[in-house]
A.B. asks: 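What follows is a single structure, and I will ask about it in a moment.
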Amino acid sequence: AVQLLKTVAEMRELVDAWREAGDTVALVPTMGNLHAGHMSLVSMAAEHAEHVVVSVFVNPTQFGPGEDYTEYPRTLDKDQRRLQRAGVDALFAPSVEEMYPAGIESTTQVLVPELSAILEGAARPGHFAGVASVVCRLFNICTPDVAAFGQKDYQQLVVLRRMVADLHIPVSILAGTTERARNGLALSSRNSYLSDAQKQQAAALHVALTAAGDAIQDGEGDYGALEASGLRQLEQAGLQPEYFAIRRAYDLAPAGKSDMNLVVLTAARLDRVRLIDNMLVSRSS
């Protein structure tokens with residue numbers, strides 16, 4: 001049975017027992033409302049360690065003013081049943097007080113500079129400091145050997161890899177490919193805010209990314225033109241794009257002629273829902 005743990009002390013005790021037995025531990029940090037994307041990370045984590053811990057914590061410090069913290073979908077009972085069926089060992093679901101004993105206003109923060117200020121960071125100031133701060137805490141509480149994150153939040157992956165390298169945290173970060181609906185829309189808990197018609201409309205993100213990716217693979221080197229074209233495609237589909245950017249995959253720097261491994265990233269609004277997606281592309285020459 002999946003053990004539900006709500007305190008740091010309980011979580012530490014369980015991990016200590018596993019370590020005592022010489023076992024390895026994988027962590028899948030989530031904000032709950034689990035979908036197929038999360039479950040694919042759980043399966044991936046299970047291949048890399050003897051025990052899998054899934055954390056469910058809607059982290060207040062990564063939501064900006066006016067964002068959906070209070071209405072973010074919270075479905076702990078359903079999540080727990082789903083993890084039980086998947087054979088997960090432990091569900092760590094701490095309270096805000098447990099995670100931030102000094103309160104969230106005056107608490108210690110982890111900031112990865114520069115990377116946290118561009119793209120998503122520019123659109124959502126403070127977001128990545130919130131993400132890095134909570135993930136660093138989860139790593140310190142659960143001391144996993146490996147931790148699994150989805151590629152849908154690509155910039156988050158880059159920020160967390162950098163945090164782990166800079167702070168010498170002994171965790172390997174695994175990236176899970178983005179799970180998609182039939183029409184290409186990346187799975188996200190926030191998709192529950194969309195109507196069926198809007199979900200069709202939102203597929204435009206994947207279509208625009210694919211078009212840009214194909215053009216790059218075909219040797220198109222004018223990234224500025226591809227970015228402009230991507231923004232136009234999203235506008236024509238009735239979305240309000242925030243950015244459509246072609247960057248170097250490993251550090252999100254603007255892509256140059258000699259960079260072979262690229263990522264195309266985009267964010268757009270559809271009414272009150274903010275959608276993000278990306279695609280990795282390798283140039284052959």
Side-chain angles (χ1 to χ4, degrees), residues 2-15 25-35 37-42 44-45 49 51-65 67-84 86 88-112 116 120 124 126-144 146-150 152-153 155-157 159-160 163-164 167 169 171 173-174 176 187-190 192:
V2 62
Q3 295 192 55
L4 174 62
L5 308 168
K6 296 200 167 179
T7 68
V8 172
E10 292 172 320
M11 191 66 245
R12 287 228 164 103
E13 199 179 331
L14 182 60
V15 171
V25 179
L27 172 67
V28 183
T30 79
M31 292 208 301
N33 192 226
L34 303 178
H35 51 64
H38 297 112
M39 301 318 289
S40 71
L41 295 178
V42 168
M44 181 174 68
H51 297 285
V52 176
V53 177
V54 174
S55 63
V56 167
F57 180 63
V58 183
N59 173 36
T61 66
Q62 70 191 66
F63 288 79
E67 290 188 347
D68 55 351
Y69 174 68
T70 49
E71 66 221 54
Y72 194 85
R74 290 163 172 83
T75 54
L76 190 63
D77 291 347
K78 198 165 136 216
D79 292 346
Q80 187 173 351
R81 289 196 296 275
R82 195 158 193 175
L83 295 173
Q84 169 89 31
V88 165
D89 298 87
L91 164 57
F92 180 51
S95 64
V96 173
E97 294 69 33
E98 189 69 15
M99 287 299 279
Y100 298 107
I104 56 179
E105 292 310 314
S106 54
T107 195
T108 301
Q109 285 193 319
V110 179
L111 174 65
V112 178
S116 295
E120 281 301 283
R124 304 178 67 190
H127 170 69
F128 286 119
V131 169
S133 296
V134 79
V135 171
C136 187
R137 284 166 171 77
L138 289 167
F139 286 173
N140 287 334
I141 294 163
C142 305
T143 61
V146 296
F149 296 88
K152 181 183 81 84
D153 297 290
Q155 188 173 357
Q156 169 175 282
L157 264 179
V159 167
L160 293 175
M163 173 186 83
V164 161
L167 298 183
I169 302 176
V171 175
I173 291 197
L174 307 170
L187 298 188
S188 165
S189 297
R190 289 188 170 95
S192 60

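Start at 1 with the first residue, then count along the sequence.
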A.B. asks: State whether the side chain of Glu98 and the backbone N or O of Ser95 hold a donor-acceptor pair below 3.5 Å, judged by distance alone.
C.D. replies: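 Pair absent, no side-chain N/O of Glu98 close to backbone of Ser95.
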A.B. asks: Please find the pair of heavy atoms, one from Met44 and one from Ala148, that lie closest to each other, and give the distance.
C.D. replies: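 So the minimum-distance heavy-atom pair works out to CE-CB, 3.8 Å.
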A.B. asks: Can you name the nearest heavy-atom pair linking Leu174 to Leu157, along with the distance?
C.D. replies: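 In terms of heavy atoms, the two residues are closest at O-CD2, 4.4 Å.
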A.B. asks: Would you say Gln3 and Glu10 make side-chain contact, with heavy atoms under 4.5 Å?
C.D. replies: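 No, their side chains stay 4.5 Å or more apart.
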A.B. asks: So how far is it from Met39 CE to Leu41 CG, rounded to the nearest 0.5 Å?
C.D. replies: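 Between atom CE of Met39 and atom CG of Leu41 there are 9.5 Å.
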A.B. asks: Going by heavy atoms in the side chains, are Asn59 and Tyr69 under 4.5 Å from each other?
C.D. replies: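 Asn59 does not reach Tyr69 side chain to side chain.
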A.B. asks: Restricting to side chain to side chain donor-acceptor pair (under 3.5 Å), what partner residues turn up for Tyr72, sequence neighbours left out?
C.D. replies: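 Side chain to side chain donor-acceptor pair (under 3.5 Å) check on Tyr72 returns nothing, list empty.
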A.B. asks: Look at the side chain of Asp89 and the backbone N and O of Val53, then say whether any donor-acceptor pair between them is shorter than 3.5 Å.
C.D. replies: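 Between the backbone of Val53 and the side chain of Asp89 there is no qualifying donor-acceptor contact (under 3.5 Å).
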A.B. asks: Test side chain to side chain contact (heavy atoms under 4.5 Å, CB included) on Ser116 and Val159 and set out the steps.
C.D. replies: CA-CA 7 Å; Ser116 295; Val159 167; 4.3 Å; yes
A.B. asks: Might you point out which heavy atoms bring Ser106 and Ala102 nearest each other, and give the distance in Å?
C.D. replies: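 Nearest pair, atom of Ser106 first, then Ala102: OG-O, 3.4 Å.
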A.B. asks: Could you go through the side chain to side chain contact (heavy atoms under 4.5 Å, CB included) check for Leu138 and Met99 one step at a time?
C.D. replies: CA-CA 9 Å; Leu138 289 167; Met99 287 299 279; 3.8 Å; yes
A.B. asks: Would you indicate whether the side-chain heavy atoms of Val52 and Leu83 approach each other to under 4.5 Å?
C.D. replies: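 A side-chain contact under 4.5 Å is absent here.
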A.B. asks: To the nearest 0.5 Å, what is the distance between CG (Leu167) and CZ (Phe139)?
C.D. replies: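 These two atoms lie 10.5 Å from each other.
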A.B. asks: Are Val96 and Pro60 close enough that some pair of their side-chain heavy atoms sits under 4.5 Å apart?
C.D. replies: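 Yes, at least one pair of side-chain atoms sits under 4.5 Å.
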A.B. asks: I need the Thr7 OG1 to Glu97 CD distance, nearest 0.5 Å.
C.D. replies: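 CD of Glu97 is found 13.5 Å from OG1 of Thr7.
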A.B. asks: Step by step, work out the side chain to side chain contact (heavy atoms under 4.5 Å, CB included) result for Leu14 and Leu5.
C.D. replies: CA-CA 9 Å; Leu14 182 60; Leu5 308 168; 3.6 Å; yes
A.B. asks: Could you report the tightest heavy-atom contact between Gln62 and Glu67, atom names first, then the distance?
C.D. replies: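 So the minimum-distance heavy-atom pair works out to O-OE1, 3.9 Å.
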A.B. asks: Walk me through it: do Phe63 and Thr70 pass the test side chain to side chain contact (heavy atoms under 4.5 Å, CB included)?
C.D. replies: CA-CA 10 Å; Phe63 288 79; Thr70 49; over 6 Å; no
A.B. asks: Return the CG to OG1 distance between Asn140 and Thr143, rounded to the nearest 0.5 Å.
C.D. replies: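 It comes to 9.0 Å.
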A.B. asks: Around atom CD of Glu13, are there more than 12 heavy atoms of other residues, nucleotides or ligands at under 6.0 Å?
C.D. replies: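 No, because the 6.0 Å sphere around CD of Glu13 holds 12 heavy atoms or fewer from other groups.
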A.B. asks: If you round to the nearest 0.5 Å, how far is CG of Leu111 from CZ of Phe128?
C.D. replies: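 If I round to the nearest 0.5 Å, the distance is 11.5 Å.
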A.B. asks: On a heavy-atom basis, which atom in Leu34 and which in Asp79 lie closest, and how many Å separate them?
C.D. replies: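 Where Leu34 meets Asp79 most closely, the heavy atoms are N-OD1, 3.0 Å.
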A.B. asks: Not counting sequence neighbours, list each pair that qualifies as a salt bridge (charged side-chain N to carboxylate O under 4.0 Å, His left out) and has a residue in residues 68-77.
C.D. replies: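 Qualifying pairs: Asp68-Arg190, Glu71-Arg272.
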A.B. asks: Where the side chain of Ser189 meets the backbone of Asn33, is there a donor-acceptor pair that is under 3.5 Å apart?
C.D. replies: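 Side chain of Ser189 to backbone of Asn33, a donor-acceptor pair under 3.5 Å: yes, one is there.
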A.B. asks: Looking at every heavy atom in both Ala132 and Met163, which two are closest together, and how far apart are they?
C.D. replies: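 Looks like O-SD, 3.5 Å.
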A.B. asks: If the condition is side chain to side chain donor-acceptor pair (under 3.5 Å), which residues does Glu120 pass it with, not counting sequence neighbours?
C.D. replies: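 Side chain to side chain donor-acceptor pair (under 3.5 Å) check on Glu120 returns Tyr243, Arg274.
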A.B. asks: Side chains of Ser55 and Arg137: is there a donor and an acceptor less than 3.5 Å apart?
C.D. replies: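 Their side chains do not contain a donor-acceptor pair, so the 3.5 Å distance test is not met.
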A.B. asks: How long is the straight-line distance from CD of Gln80 back to OG1 of Thr75, given to the nearest 0.5 Å?
C.D. replies: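 Going from the OG1 atom of Thr75 to the CD atom of Gln80 covers 11.5 Å.
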